Amino acid sequence: MKTNSLLNLKSAGSLAALAGLLAAVVMAQAQPAVRVAGGDAYSMRVVARGLHRPMGLVVRDNKTIFFTEVPTPGVNGPNGGSNSVSRLDLREDRITTLHMGEPEPVNLALDRDGTLYWTCKSAGVILEQRGEHDATVFLSGLHQPSGISVGRHDRVYFTEVPTPGVNGMNGGSNTVNVSDGTTIEVLHMGEPEPSDLVVARNGDLYWTCKSAGVILERSAHDGLTRVLLSELDKPVGIALDARAKMLYFTEVPTPGLGGRDGGRNKVWELDLNSGVKKLVDAGDPEPTDIAVSKNGTLYWTCTSAGVIVEATPVSK
């Protein structure tokens with residue numbers, strides 16, 4: 001089991017307060033103009049149904065989806081929990097269970113070699129699984145890890161949300177981190193709820209802050225964090241295309257409520273170059289996590305409906 005040498009930083013109250021102050025200053029800076037445009041038509045289909053509260057997902061090679069199901073959050077296998085990590089083969093329409101027994105497997109990520117990582121929120125660990133081998137602990141002793149992404153040199157980026165909805169100035173200790181499996185570096189502190197994140201090839205980071213209603217961007221060039229989008233409605237999942245040009249995210253202000261019943265949940269696309277934001281989908285009861293394949297096809301989990309949705313732009 002791998003440990004780390006920097007976890008003591010997370011309990012430093014003065015550091016959290018300072019980080020919260022810095023975050024407030026950064027968030028007050030001018031933001032880039034964002035123009036909302038009509039979305040392109042998408043061809044939608046359900047690629048998996050009858051699932052038990054699917055949450056995180058990641059896609060590989062346009063053919064394979066890995067996803068988590070969390071019907072019994074906080075309950076491990078020996079105590080009756082039925083949470084799982086599974087693989088969906090899109091070519092054969094077949095689901096294979098890869099791992100069971102964790103109390104709360106939330107989000108997933110893949111490295112270039114195909115190693116799968118996922119956060120187990122209530123257990124405070126990140127696990128890794130190579131191929132068909134058993135899962136092992138990558139990091140332990142964490143505080144409610146949530147979002148996860150893998151960058152260059154297999155460095156794992158992740159968020160911790162022990163104090164959801166509480167920012168640094170009010171005593172919150174939520175963080176955005178990176179680890180090589182031995183040490184942890186805290187990249188950012190002070191946000192009230194960094195839910196999910198994604199890293200670009202050049203090291204730029206993007207993450208959703210659910211309760212603050214923003215998406216933040218941390219530049220790998222200068223290490224500064226700024227607000228990319230604000231005034232969002234409970235953003236949750238986030239994904240980046242292979243060229244790091246298009247950012248996709250979900251908003252879930254009314255979980256479990258479909259559009260016909262007044263639900264306001266949405267899936268969005270943001271062009272990082274032009275700042276144009278397009279609506280991909282509205283009406284799903286709970287679009288939790290989102291992923292994009294190399295060919296531009298989108299996938300997202302709809303937790304309360306128990307399905308995984310595929311959206312292919314008709315123009316591609």
Side-chain angles (χ1 to χ4, degrees), residues 1-2 4 47 55-68 85-92 95-99 102 105-120 125-140 142 145-159 176-185 187 196-208 217-221 223 237-249 272 289-301 308 310 316:
M1 183 178 296
K2 299 176 183 178
N4 65 77
V47 294
M55 295 190 69
L57 86 164
V58 65
V59 61
R60 182 183 69 190
D61 298 334
N62 309 322
K63 302 172 183 177
T64 307
I65 296 173
F66 298 89
F67 64 96
T68 66
V85 177
S86 300
R87 179 180 62 226
L88 167 61
D89 187 324
L90 293 169
R91 295 166 300 183
E92 300 182 5
I95 293 175
T96 303
T97 300
L98 301 177
H99 187 78
E102 298 304 322
V106 184
N107 289 303
L108 307 109
L110 281 166
D111 68 14
R112 290 189 176 185
D113 296 326
T115 299
L116 186 66
Y117 299 82
W118 65 88
T119 52
C120 193
V125 300
I126 293 175
L127 292 100
E128 63 177 330
Q129 186 170 22
R130 300 177 184 274
E132 302 299 325
H133 298 288
D134 291 338
T136 59
V137 174
F138 177 76
L139 284 175
S140 62
L142 305 178
S146 179
I148 187 168
S149 187
V150 183
R152 291 183 299 176
H153 310 299
D154 294 339
R155 287 164 61 83
V156 175
Y157 297 78
F158 63 97
T159 68
V176 177
N177 318 289
V178 63
S179 177
D180 58 4
T182 301
T183 61
I184 291 176
E185 178 185 358
L187 300 176
D196 197 8
L197 86 169
V198 64
V199 60
R201 289 182 180 179
N202 67 353
D204 288 345
L205 273 178
Y206 303 86
W207 65 89
T208 53
E217 174 187 13
R218 182 185 186 274
S219 169
H221 175 69
I238 192 167
L240 193 64
D241 76 342
R243 300 177 301 160
K245 302 296 183 183
M246 308 300 293
L247 189 74
Y248 302 90
F249 63 96
L272 293 171
D289 198 13
I290 189 166
V292 55
S293 66
K294 291 181 179 180
N295 65 7
T297 301
L298 300 177
Y299 299 90
W300 62 83
T301 53
I308 295 175
E310 176 188 83
K316 294 183 180 180

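The basis for the numbers below is simple: all heavy atoms, side chains too, and nothing from hydrogens, waters or symmetry mates. The shown structure was predicted, so the numbers you read here are calculated from the model rather than taken from an experiment.
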Is it true that N295 and T297 share a donor-acceptor pair across their side chains at a distance under 3.5 Å? yes

In terms of heavy-atom contacts, V198 and L247 come closest through CG1-CD1, 4.2 Å

Which residues pass the side-chain hydrogen bond (donor to acceptor under 3.5 Å, both in side chains) test with Y157, not counting sequence neighbours? none

How far apart are the closest heavy atoms of T115 and R130, and which atoms are they? OG1-NH1, 3.1 Å

Separation of D134 CG from L98 CG (nearest 0.5 Å): 11.0 Å

For residues T208 and I238, report the shortest heavy-atom separation together with the two atoms involved. CG2-CB, 4.0 Å

Without swapping roles, check the side chain of R152 against the backbone of R201 for a donor-acceptor pair under 3.5 Å. yes

Heavy-atom closest contact (L90 atom, T64 atom, distance): CD1-N, 4.4 Å

How long is the straight-line distance from OH of Y117 back to CG of L139, given to the nearest 0.5 Å? 10.0 Å

Supply the atom-to-atom distance D204 CG to L240 CG, rounded to the nearest 0.5 angstrom. 9.0 Å

Measuring from atom CE of M55 to atom OG1 of T68, what distance do you get when rounded to the nearest 0.5 angstrom? 6.5 Å

Please check if the side chain of N107 supplies one atom and the backbone of S146 the other of a donor-acceptor pair under 3.5 Å. yes

List in chain and number order the residues that pass side-chain hydrogen bond (donor to acceptor under 3.5 Å, both in side chains) with D61, two or more places apart in sequence or in another chain; answer none if no residue qualifies. none

Looking only at non-hydrogen atoms, find the nearest pair between V176 and L205 and report the distance. CG1-CD1, 4.1 Å

As an exercise, state the distance from OG1 of T159 to CH2 of W207, rounded to the nearest 0.5 Å. 10.0 Å

Which distance, rounded to the nearest 0.5 Å, do you find between the OH of Y206 and the CZ of F249? 13.0 Å

Fit a plane to each ring of H99 and W118, take the angle between them on a 0 to 90° scale, and name the class: parallel (under 30°), tilted (30 to 60°) or perpendicular (over 60°). tilted

Donor-acceptor pair, distance only, cut-off 3.5 Å: does the side chain of N62 make one with the backbone of K294? yes

Taking all non-hydrogen atoms of both residues into account, name the closest pair between F158 and S179 and its distance. CE2-CB, 4.1 Å

